[in-house]
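Following: one structure in structure tokens, then a few remarks.
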Amino acid sequence: MPKPLSELSLEELWQLFPIKLEQYDPRYAGWYEEQRQALVGTIDADDIARISHIGSTAVPGLLAKPTVDILLELDAGCDIDALTARLLVDGWLLMSEEESPLHLAFNKGYTPKGFAEQVYHLHVRYHGDWDELYFRDYLREHAEAAADYAQLKQVLLAQYEHDRDAYTEAKTDLIQKYTQLARIEYADRYKPI
């Protein structure tokens, strides 16, 4: 019988859930939409400022970890404790939380036997001007940047298959480079009103 995930060390979790890269799957958009609708049905509509599909699975054609990333932006008046309780009841697992600025990270699809068919990361923040949206749009609209990012991910996979933190950290410079270009090109696209 596998140990519960809560009893595994970080190293054991990385062995069970290695970095995997796959060709883009058009089902990602549908998986996102299913979860978006579920979130809308779970959360008070007045608390939701915006829900967005982010990450590599939101960029058609991009090599990606088969994990659908969702950014849930909240109205400033949202009761975070009540929201967290609703998400936990709905099957989300709270993996980390930061208070300033608010960033709750939830996931679904991690099992004691490995990845489920559909895996999700839910990033909960207050409504804002988030880099992930600019980076996603830049990759969608600049094929050469998307190809550059895919190539970097393949190189890093060989080094960091079982070290998610190092894999993520090693992508930071390239992500920041394209995010800054996107912020110049798209100026105020995501600034709150």
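We're numbering straight along the sequence, starting at 1.
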Can you check whether [X] reaches [Y] side chain to side chain, under 4.5 Å on heavy atoms?
| X | Y | answer |
| --- | --- | --- |
| R125 | P101 | no |
| R189 | D137 | yes |
| L87 | L104 | no |
| K65 | H121 | no |
| Y178 | L174 | yes |
| K108 | D90 | yes |
| E132 | Y190 | no |
| N107 | V119 | no |

Contacts of type side-chain contact (heavy atoms from CB on, under 4.5 Å), residue E33, not counting sequence neighbours: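 side-chain contact (heavy atoms from CB on, under 4.5 Å) check on E33 returns R36, Q37.
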
Validation row, ring centre Y110 to ring centre F17 under 6.0 Å: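 That pair passes the under 6.0 Å test.
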
Can you name the closest pair of heavy atoms from [X] and [Y] and give their distance?
| X | Y | answer |
| --- | --- | --- |
| L133 | E73 | CD1-OE2, 4.0 Å |
| S56 | Y149 | OG-CE2, 3.5 Å |
| H53 | Y28 | CE1-O, 3.9 Å |
| L74 | C78 | CD1-SG, 4.0 Å |
| L157 | I19 | CD1-O, 3.2 Å |
| W92 | L39 | NE1-CD2, 4.1 Å |

Hey, any chance [X] and [Y] share a hydrophobic cluster, counting ILVMFWY side chains that come within less than 4.5 Å of each other, even indirectly?
| X | Y | answer |
| --- | --- | --- |
| L122 | Y126 | yes |
| L94 | Y120 | yes |
| I51 | F135 | no |
| V68 | M95 | no |
| L63 | V59 | yes |

Return yes if a side-chain donor-acceptor contact under 3.5 Å exists between [X] and [Y], otherwise no.
| X | Y | value |
| --- | --- | --- |
| D165 | Y160 | no |
| H142 | E185 | yes |
| E141 | Y186 | yes |

Whether over 12 other heavy atoms sit under 6.0 Å from E22 CD: yes

Neighbour count above 12 (heavy atom, 6.0 Å) for E144 CD: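 Above 12, so yes.
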
Any side-chain to backbone donor/acceptor pair from [X] onto [Y]? Under 3.5 Å, distance only.
| X | Y | result |
| --- | --- | --- |
| S52 | I54 | no |
| Q118 | G109 | no |
| K153 | L21 | no |

D47/R86 ion pair, N-O < 4.0 Å: yes

Atom pair CD (Q154) and CG (L152), whose distance is rounded to the nearest 0.5 Å: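 Taking CD in Q154 and CG in L152, the distance rounds to 10.0 Å.
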
From L181, D129, I184, residue fulfilling side-chain contact (heavy atoms from CB on, under 4.5 Å) relative to Y134: D129

Candidate list L93, I70, T84, test side-chain contact (heavy atoms from CB on, under 4.5 Å), partner F106, passing option: T84

L71 vs R136, side chain to side chain contact (heavy atoms under 4.5 Å, CB included): CA-CA, chis, key distance, verdict: CA-CA 12 Å; L71 175 60; R136 176 202 64 195; over 6 Å; no

Intermediate values then yes/no, side chain to side chain contact (heavy atoms under 4.5 Å, CB included), L83 and I43: CA-CA 7 Å; L83 171 85; I43 302 166; 3.6 Å; yes

Derivation of the side chain to side chain contact (heavy atoms under 4.5 Å, CB included) call for E97 and V124: CA-CA 9 Å; E97 58 185 308; V124 179; over 6 Å; no

